[in-house]
Structure formats: structure tokens, C-alpha cells
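To start, the structure itself, in C-alpha cells.
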Amino acid sequence: MSTSKHINKICCTVFMLVLLVTFLFTQAEKLGVQAVSSKGGYASRLFDTSTVHTIDIVMDDWDDFIKNCTDKEYVLCTLIIDDEVYKNAAIRAKGNTSLSSVDAYGNDRYSFKIEFDHYDSGNTYHGLDKLCLNNIIQDNTYMKDYLSYQMMRSFGVDAPLCSYSYITVNGEDWGLYLAVEGIEDAFLQRSYGNDYGALYKPDSMDMGGGRGNDMPFDMEKRPPDSFGPDKKMSPDAGTPMGSDDVSLLYTDDEYESYSNILENAKTTVSDSDKSRLIRSLKQLNEGNAIDTVVNIDEVIRYFVVHNFVLNFDSYTGSMLHNYYLYEKDGMLSMIPWDYNLAFGGFLSESDAVTLINYPIDTPVSGGTIESRPMLAWIFNNDTYTELYHQYFSDFITEYFENDYIYDLIDDTKELIDPFVEKDPTSFCTYEEFENGVSVLKEFCMLRAQSISRQLSGTIPATSAGQAMNVSALIDDNDINIAAMGSMESAMPPGQFQRPD
């Protein structure tokens with residue numbers, strides 16, 4: 001009888017423990033406990049930045065796939081990632097302008113998009129659903145995307161993970177690529193948890209827009225104001241190529257007025273989601289209670305890094321694309337994307353003095369600050385402008401005065417150097433790579449010096465102020481910006497000239 005009582009007590013205790021464990025398991029996220037699961041495992045595997053990873057693409061009909069890459073149709077393949085085999089993956093070419101550039105240049109080195117879950121929704125790479133393999137076109141440094149994402153993430157911006165991967169095809173060398181986490185479900189879950197909000201990739205289908213959402217790029221639609229007298233892109237182009245909604249301008253409450261946002265949603269959105277986004281855009285444009293519709297801290301941090309690296313193939317340039325818009329409970333923030341033309345690469349034909357000293361308080365090329373409401377609020381309020389300046393000062397101190405960025409460049413070069421040297425499909429020579437990295441370090445040093453002086457007031461921080469005080473600018477026109485890689489560096493002659 002005594003034994004029976006003990007057994008009953010033990011059973012009751014075990015039952016209560018099971019109930020407690022079940023409760024903790026189901027309520028863990030609310031209690032602040034981060035679940036450990038395979039869904040987050042990819043971050044410490046493929047995106048370990050201390051090594052160059054290996055990805056072998058196994059496919060019987062590779063030559064046929066490459067021949068039809070511009071169709072951007074998914075094809076079945078097997079991937080061997082760091083000796084782990086992933087069958088039934090889907091691969092297609094990625095990009096639009098870069099895609100046509102590769103095709104026009106007669107080079108088969110396309111960027112690729114991998115969907116692990118394309119044929120089977122349960123397939124992932126340790127939880128990763130989408131992977132981009134960037135071909136590092138127009139970037140002789142091999143580092144522009146990589147450095148930009150690293151700085152964004154370490155400065156407090158939600159940015160994609162990335163790492164270098166040496167690609168082989170059926171065991172044969174193909175080239176050094178940058179593996180980038182796709183901005184889709186896995187990224188959202190990693191960054192914001194299971195209860196994440198809505199994600200959009202605003203992009204217009206006219207005037208060269210739509211490139212990031214697989215829409216056609218039409219050079220004929222570029223407005224005349226986008227070109228200088230030499231028929232090249234003008235850094236002061238006054239006509240943006242995107243639409244009002246991609247600029248995040250509020251026009252009215254009709255869904256169709258925001259088709260270039262809503263139709264490019266990367267998550268499933270309801271009518272209530274759409275209406276909430278439009279209300280946030282309206283409040284953003286009106287400038288009322290900005291802190292209730294914008295993630296103040298993160299967006300300022302985003303623009304600090306973004307405006308340092310001078311990526312005009314973006315929201316602050318005439319193309320008006322290459323960013324993601326994240327919304328949760330009416331709060332908006334920006335997610336960075338596509339920085340291969342950063343560090344002045346989009347406007348590389350401009351003189352080095354202009355780019356080194358590009359004003360941090362008027363950072364838009366091809367438009368006005370007022371036409372970019374997600375940026376304008378920073379300069380329409382003294383408190384936010386001061387915070388922007390403070391964050392810029394912190395950024396310069398942390399990354400440049402302490403040599404962080406220079407050490408990162410040196411370490412990255414040492415890591416990838418042997419892979420660049422043997423890269424059989426590279427868009428540049430090894431000597432051009434070495435020169436590009438050298439110019440990148442010098443450009444970063446001079447850019448940091450100029451911004452420090454802009455913050456102190458010895459160099460004007462606006463374009464109007466600089467025009468009136470040219471003698472104050474850091475003058476080093478010996479730097480060849482295009483040596484780092486540019487919009488024209490991987491193009492046949494005349495590819496980016498204005499058609500007559």
C-alpha cells in the first residue's frame with residue numbers, strides 16, 4: 001500500500017512537470033525565451049564569414065541552362081554546400097540590368113537565385129528558404145556588397161547575412177561569388193520572430209524600374225534630364241525614374257495608386273494591411289508624430305551607412321529601387337539591398353572631389369529630399385537632424401578613427417585573395433582587383449575625413465553650401481573612382497549611353 005502511494009505521488013509529480021514543460025514550451029516566446037531550432041541554423045553555417053565556403057552546382061544540362069539563362073526559368077539541381085548535399089533545389093538567373101549586361105558582354109557568369117523550397121515546401125538549407133549567389137559584377141574590389149551589409153548589420157540595421165562562396169559546376173571551377181540571404185520568410189523570421197509583419201520591395205515598371213522584381217529594363221525610357229552633355233548618366237539628374245509610390249509619396253487612399261508597392265509584396269497582405277500601410281505613408285508625408293510610423297533609430301542608422309557608401313542605384317538615386325520596406329503595426333523601416341554599385345560606382349564618371357565630399361544633408365541624386373519622404377523627415381526636424389549627425393559621428397569614430405573598416409578590408413582581401421586570383425570567370429583581372437581594393441581604402445579614408453569636417457562645419461553639408469565654398473572641399477582628383485568598378489566597367493562600349 002505504501003509503495004502504491006509513492007507511485008501515485010511520483011506519477012502526479014511527473015504529470016505536473018509535463019504540464020509545466022508544455023506550458024513553458026508553448027509560451028516560451030512570450031516569456032522572452034528564444035527557441036532553438038533548425039530554422040536558424042543556416043546563420044552559423046553558410047554565413048560564417050571567417051571562411052570561403054564551397055558550393056557545387058550539380059546539373060546534367062548546365063550548358064543548356066546557361067544558354068537560356070535570360071528566360072529566368074527555374075531548373076532542378078542538386079547543391080553541395082560545404083560537403084552537405086541538398087537535392088531537388090531550384091536555380092535560375094537573377095537580375096535584370098546585370099543579367100542583360102552579362103548576356104551582352106558574352107560572359108556566362110550570371111548571378112543566381114536558389115529556392116530550396118521551390119519544388120518541396122518542406123525543403124530548406126538549415127531553415128533558409130531563398131539564397132542569392134551574386135556574381136560581383138561591376139565591382140573590381142569584390143567587396144562593395146559585403147562591406148555595406150557588414151557595416152549595416154553591425155551598426156544596428158536589419159540587413160541580410162552574406163559570405164563568400166567559391167562556386168563549382170559539376171566539380172569544375174566557376175568563380176568566387178557572394179552568397180546573400182534572400183529577403184523572404186527565413187530572413188523575416190530570423191530578424192523579427194514568428195510574428196513578423198509585412199514586407200514589400202517597391203519598384204516601378206517604367207523608367208528603368210522594376211529591375212529588382214524581374215521587370216524589364218528599358219533604356220529608351222530614361223528621361224532626357226538623366227543624361228549629361230556627354231550622353232552619360234548625370235549626377236545631378238533632376239528627373240527620377242521611379243513612380244510616386246516607389247518614392248513613398250502619399251497621393252490618395254486608393255490601392256491602385258500604390259500598385260508598385262502592393263503588387264510587389266513579398267508576404268501575403270490583406271486589405272487591412274494595405275490600408276494600414278497607406279495610412280502610415282500619409283502620416284509620414286504629413287510629418288506628424290513621425291515616431292509612431294517610423295522606426296526612428298533604425299532608419300537613421302540605415303541612412304547613415306547608406307549615405308556614407310554613396311549607393312545611388314537606390315532610393316536616394318534616380319532609379320528609385322533596391323530597398324525593401326518593412327511594416328509592422330503601422331511602423332515603417334528600410335532593409336538594404338544590392339550595393340555592388342556603392343562607393344560611387346553608379347556615378348563613377350563624376351569627379352572624385354564631388355563623390356568624396358558628397359553632402360550628407362542633401363544626399364539625393366536625381367531628385368530632391370522632399371521627393372523622398374522616408375528621408376525628408378530627418379531634415380525637417382532639428383531633433384532628428386541632430387540625432388542623424390550624432391549617429392554619423394559615432395559611425396565615423398567606431399569604423400574609421402579606430403581603423404575598423406581598414407582592418408576589415410585587409411582581412412577580407414587576405415581571405416578571398418587566392419580565390420580571386422584563380423577565378424576563371426572574373427569581370428576583372430587580379431591586378432585590377434588589387435588596385436580596386438587600394439582605391440577603396442583611400443576613398444573610405446577621404447570620405448570619412450570629409451564627413452568629419454561636414455559635421456564640424458568646416459565643409460558645408462549641403463550641395464548649395466559646397467557650391468558656394470568649393471575651396472573648403474577635400475581635393476583629391478587623382479583617385480580613379482572607376483578603378484573600384486562601375487556601371488560601365490562590365491559593359492560593352494556604349495551600353496549605357498543615351499540613345500539618340
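Looking at heavy atoms from C-beta onward, Trp377 lies out of side-chain contact with Asn381 at the 4.5 angstrom threshold. Using a 4.5 Å cut-off on side-chain heavy atoms (C-beta onward), Val269 and Leu262 make no contact. Side-chain atoms of Val420 and Glu434, non-hydrogen and from C-beta on, never get closer than 4.5 Å to each other. Taking 4.5 Å as the limit, every side-chain heavy atom of Ile481 sits out of range of all side-chain heavy atoms of Ser486. Considering only heavy atoms from C-beta on, Tyr384 stays 4.5 Å or farther from Val299 through its side chain. In this structure, the side chains of Asp410 and Lys441 come closer than 4.5 Å at one or more pairs of heavy atoms. At least one side-chain heavy atom of Tyr339 sits less than 4.5 Å from a side-chain heavy atom of Asp145. Residues Arg109 and Asp423 form a side-chain contact, since some pair of their non-hydrogen atoms from C-beta on lies under 4.5 Å apart.
In summary, of the residues considered (Tyr192, Tyr302, Trp337, Phe187), a ring pair (Phe, Tyr, Trp, His ring centres under 6.0 Å) with Tyr326 occurs for Tyr192 alone. For the ring pair (Phe, Tyr, Trp, His ring centres under 6.0 Å) criterion with Phe308, the lone passing option out of Phe443, Tyr399, Phe400, Phe392 is Phe400. For the salt bridge (Lys or Arg N to Asp or Glu O under 4.0 Å) test with Glu184, the passing option among Lys201, Lys266, Lys130 is Lys130; the others fail. Just one residue in the list Lys113, Arg153, Arg190 forms a salt bridge (Lys or Arg N to Asp or Glu O under 4.0 Å) with Glu181, and that residue is Arg190.
Counted by atom type alone, Ser450 and Gln454 present one or more donor-acceptor pairs between their side chains at under 3.5 Å. Residues Asn307 and Tyr358 have side chains that never bring a donor and an acceptor to within less than 3.5 angstrom of each other. Side-chain polar atoms of Tyr42 and Thr124 form no donor-acceptor pair below 3.5 angstrom. Looking only at atom types and distance, the side chain of Ser426 has a donor-acceptor partner in the side chain of Tyr142 under 3.5 Å away. Side chains of Asn340 and Gln138: a donor-acceptor N/O pair is present below 3.5 angstrom, by distance only. Judged purely by distance below 3.5 Å, without hydrogens or angles, the side chains of Ser314 and Asn322 never pair a donor atom with an acceptor atom. There is no side-chain donor-acceptor pair under 3.5 Å between Ser191 and Asp158. Counted by atom type alone, Asp417 and Tyr430 present one or more donor-acceptor pairs between their side chains at under 3.5 Å. A side-chain donor from one of Lys94 and Asn134 sits under 3.5 Å from a side-chain acceptor of the other. For Gln390 and Asp394, the side-chain atoms include at least one donor-acceptor pair closer than 3.5 Å. A donor atom on one side chain and an acceptor atom on the other are not found under 3.5 Å apart for His53 and Tyr177.
Within the model, atoms OG1 of Thr168 and CD1 of Ile55 stand 9.0 Å from one another, a figure rounded to the nearest 0.5 Å. Rounded to the nearest 0.5 Å, atoms CG (Asn435) and CG (Leu440) are 11.0 Å apart. To the nearest 0.5 angstrom, Met445 atom CE is 13.5 Å from Ile405 atom CD1. Remark: Asn135 CG to Tyr110 OH distance equals 10.5 Å, nearest 0.5 Å. In this structure, the separation between CG on Leu375 and OG on Ser247 is 11.5 Å, given to the nearest 0.5 Å. In this structure, the separation between CD on Glu442 and CZ on Arg447 is 15.0 Å, given to the nearest 0.5 Å.
A donor-acceptor pair under 3.5 Å is absent between the side-chain atoms of Asp403 and the main chain of Tyr406, judged by distance alone. Looking at Asp139, its side chain never comes within 3.5 Å of a backbone N or O of Gly485 through a donor-acceptor pair. Here the side chain of Thr397 pairs a donor or acceptor atom with the backbone of Ser393 at under 3.5 angstrom. Using a distance-only test at 3.5 Å, with no hydrogens or angles considered, a donor-acceptor pair links the side chain of Tyr315 to the main chain of Met374. In this structure a side-chain-to-backbone donor-acceptor pair under 3.5 Å is missing from Asp361 to Thr462. Without hydrogens or angle criteria, Asn264 side chain to Asp203 main chain gives a donor-acceptor distance under 3.5 Å. A distance-only check finds a donor-acceptor pair linking the side chain of Asp351 to the backbone of Val353 [under 3.5 Å]. Distance alone, capped at 3.5 Å, places no donor-acceptor pair between the Asn260 side chain and the Asp245 backbone. Arg453 contributes no side-chain N or O that, together with a main-chain N or O of Ile459, makes up a donor-acceptor pair within less than 3.5 Å. Without hydrogens or angle criteria, Tyr258 side chain to Val246 main chain gives no donor-acceptor distance under 3.5 Å.
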query: Yes or no on side chain to side chain contact (heavy atoms under 4.5 Å, CB included) for Arg372 and Leu320, after CA distance, side-chain angles and deciding distance?
result: CA-CA 9 Å; Arg372 309 291 194 276; Leu320 280 167; 3.3 Å; yes
query: Tyr164 and Met143: side chain to side chain contact (heavy atoms under 4.5 Å, CB included), yes or no, with the steps?
result: CA-CA 10 Å; Tyr164 289 99; Met143 296 184 196; 3.8 Å; yes
Derivation of the side chain to side chain contact (heavy atoms under 4.5 Å, CB included) call for Ile91 and Leu133: CA-CA 10 Å; Ile91 184 172; Leu133 298 176; 5.6 Å; no
task: Kindly indicate, with the supporting measurements, whether the criterion ring pair (Phe, Tyr, Trp, His ring centres under 6.0 Å) is fulfilled by Tyr391 and Phe303.
output: CA-CA 10 Å; Tyr391 281 176; Phe303 279 117; over 10 Å; no
- request: Please report the C-alpha distance between Leu332 and Leu248 in whole Å, then the side-chain angles of each, then the deciding distance to 0.1 Å, and finally whether the side chain to side chain contact (heavy atoms under 4.5 Å, CB included) criterion is met.
  value: CA-CA 11 Å; Leu332 306 173; Leu248 303 182; over 6 Å; no
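For Asp48, the side-chain hydrogen bond (donor to acceptor under 3.5 Å, both in side chains) test picks out Ser50, with sequence neighbours left out.
Within 6.0 Å of CG in Asp407 there are more than 12 heavy atoms belonging to other residues, nucleotides or ligands.
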